[in-house]
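Numbers here simply count residues along the sequence, with the first being 1. Below, all heavy atoms of this structure are taken into account, side chains as well, without hydrogens, waters or symmetry copies.
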Amino acid sequence: MGRSDRFFRRVWRFNALAIATVAVLLVLSGLIVVGTIAYDHMRPRRVTNVVNVGEQDAVSNEFSLGTPGAIAGTPFVEVSLYRKQSYGGKWSDNNVVNLLFVNSFTNESRWLFEGAGQLILGSHWMFNRADEARTAVAVGAFYVVVDGDTNGDKRLSGNDLVSLAAVAADGTNYRKLIEGIEEIYFVKQVADDKALVLYLKDKQAMSALFSLPSMVPLTQAKLPSWGQASWPARGGSHGYLP
């Protein structure tokens, strides 16, 4: 009986040690999971192309200028004005809210907009391809712009309706071409004198041709149904294809 008792005591001690070890591991695993969730919840979150327009007292704003970019075939350079915000444990940067055009010959400059109350989601430059020298000369650009908080979430983002606007290569003659756009699928110069835009408005997919270099509308048409109830959502940041 003595040997049997010693054997069972050893088995019980082993089992107790194993159970205690498993319990400690479970507690540690639980603490790690809880800590990971808490850290993920509390750590600052970074977003882009989102400008908070509500409760400005709780929002910290910083503005900076980007790297100047030469506008091909002209004396002008384009400089982006970036708006960085931090609010509620989040921060948003790379938000282009205005553009500065500088004439490198005369040193004159102008802003595209007055103030920083909009969000520029993209730009598409058009060029004079009919030039005999075949050198790239910019004639103007199409811009995709969020003008206001159309969905009521107190933000300017790609989830709002956007406008397609045009501007001359020197930053003048800004005008809206199409407003209230839900999606922009495609902006492309398709010929020396034409640009093509595919977009979604009022749940109807459309195509539009614009004349170049004037960038005035030529024709608009509805795209045919593709056999589904709705058109596909954009694939990226407001969906324009390359």
Visitor: Can you name the nearest heavy-atom pair linking V137 to G73, along with the distance?
Guide: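 Smallest interatomic distance, heavy atoms only, reads CG1-O, 4.1 Å.
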
Visitor: Look up atom NZ in K188 and atom NE2 in H124, then write down how far apart they are to the nearest 0.5 Å.
Guide: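 Here the interatomic distance stands at 10.0 Å.
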
Visitor: Using residues 75-82 as the side-chain source, report each donor-acceptor pair under 3.5 Å to any protein atom, sequence neighbours left out, with the distance given to one decimal.
Guide:
unit_1 : atom_1 : unit_2 : atom_2 : d
E78    : OE2    : Y143   : OH     : 2.5

Visitor: Any sub-3.5 Å donor-acceptor pair from D153's side-chain atoms to R155's backbone N or O?
Guide: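 Yes; judged by distance alone, with no hydrogens or angles, the pair exists.
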
Visitor: Distance from N94 atom CG to K84 atom NZ, nearest 0.5 Å?
Guide: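 Reported to 0.5 Å precision, the distance equals 9.5 Å.
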
Visitor: Hydrophobic clusters here meaning ILVMFWY residues chained together by side-chain heavy-atom distances under 4.5 Å, can you tell me if M206 and V216 are in one?
Guide: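 Unlinked, M206 and V216 end up in two clusters.
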
Visitor: To check you understand the geometry: which heavy-atom pair defines the closest contact between A138 and T74, and what is its length?
Guide: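 In terms of heavy atoms, the two residues are closest at O-CG2, 4.0 Å.
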
Visitor: Is there a donor-acceptor contact under 3.5 Å from the side chain of D160 to the main chain of N151?
Guide: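 Between the backbone of N151 and the side chain of D160 there is a qualifying donor-acceptor contact (under 3.5 Å).
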
Visitor: Main chain of K203, side chain of E182: is a donor-acceptor contact present, judged purely on distance under 3.5 Å?
Guide: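 Indeed, once roles are kept as given, a pair shorter than 3.5 Å links the two residues.
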
Visitor: Taking side chain to side chain contact (heavy atoms under 4.5 Å, CB included) as the test, write out the residues that go with E179, two or more places apart.
Guide: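 Partners of E179 under the side chain to side chain contact (heavy atoms under 4.5 Å, CB included) test: S163, K176.
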
Visitor: Keeping the roles fixed (side chain from N98, backbone from A116), state whether a donor-acceptor pair exists under 3.5 Å.
Guide: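 Checked: no pair found.
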
Visitor: Can you tell me how far apart OH (Y185) and CG (L198) are? Round to the nearest 0.5 Å.
Guide: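 Spacing of OH (Y185) from CG (L198) equals 9.5 Å.
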
Visitor: So, the side chain of D149 versus the backbone of K154: is there a donor-acceptor pair under 3.5 Å, distance only?
Guide: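 It does hold such a pair.
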
Visitor: Identify the two heavy atoms, one from A166 and one from L177, that lie closest to each other, and give their separation to 0.1 Å.
Guide: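 Heavy atoms only, the tightest pair is CB-CD1, 3.7 Å.
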
Visitor: Mind listing the closest non-hydrogen atom pair of G117 and L156 along with its distance?
Guide: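 Taking G117 first and L156 second, the nearest heavy atoms are O-CD1, 3.8 Å.
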
Visitor: Any donor and acceptor pair, going by atom type alone, linking the side chain of Q118 with main-chain N or O of V146 inside 3.5 Å?
Guide: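 No.
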
Visitor: Within a strict 4.5 Å, meaning less than it, do heavy atoms of the F101 and L112 side chains meet?
Guide: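 SC-SC contact between F101 and L112 confirmed.
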
Visitor: Write out all pairs satisfying salt bridge (Lys or Arg N to Asp or Glu O under 4.0 Å) with one or both partners inside residues 107-127, taking only residues at least two apart or from two chains.
Guide: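 Matches after skipping sequence neighbours: none remain.
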
Visitor: For the CG atom of L209 and the CG atom of D193, what is their distance to the nearest 0.5 Å?
Guide: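 Taking CG in L209 and CG in D193, the distance rounds to 10.0 Å.
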
Visitor: With F142 as reference, evaluate Y199, F210, W125 under the ring pair (Phe, Tyr, Trp, His ring centres under 6.0 Å) test and give the passing residue.
Guide: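 The option that passes is F210.
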
Visitor: Could you go through the side-chain contact (heavy atoms from CB on, under 4.5 Å) check for Q220 and I178 one step at a time?
Guide: CA-CA 11 Å; Q220 290 185 338; I178 309 173; 3.9 Å; yes

Visitor: Which pair of non-hydrogen atoms, one from A72 and one from F127, has the smallest distance, and what is that distance?
Guide: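 Where A72 meets F127 most closely, the heavy atoms are CB-CE2, 3.9 Å.
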
Visitor: Can you check side-chain contact (heavy atoms from CB on, under 4.5 Å) on V51 and S92, steps first, answer last?
Guide: CA-CA 7 Å; V51 174; S92 173; 5.8 Å; no

Visitor: When you compare the side chain of L119 with that of N95, does any pair of heavy atoms fall below 4.5 Å?
Guide: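 When only atoms from C-beta onward are counted, L119 and N95 do touch, with a gap below 4.5 Å.
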
Visitor: Check R83 against V97 and note the closest heavy-atom contact, atom names and distance.
Guide: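 Closest pair (atom of R83, atom of V97, distance): CB-CG1, 3.8 Å.
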
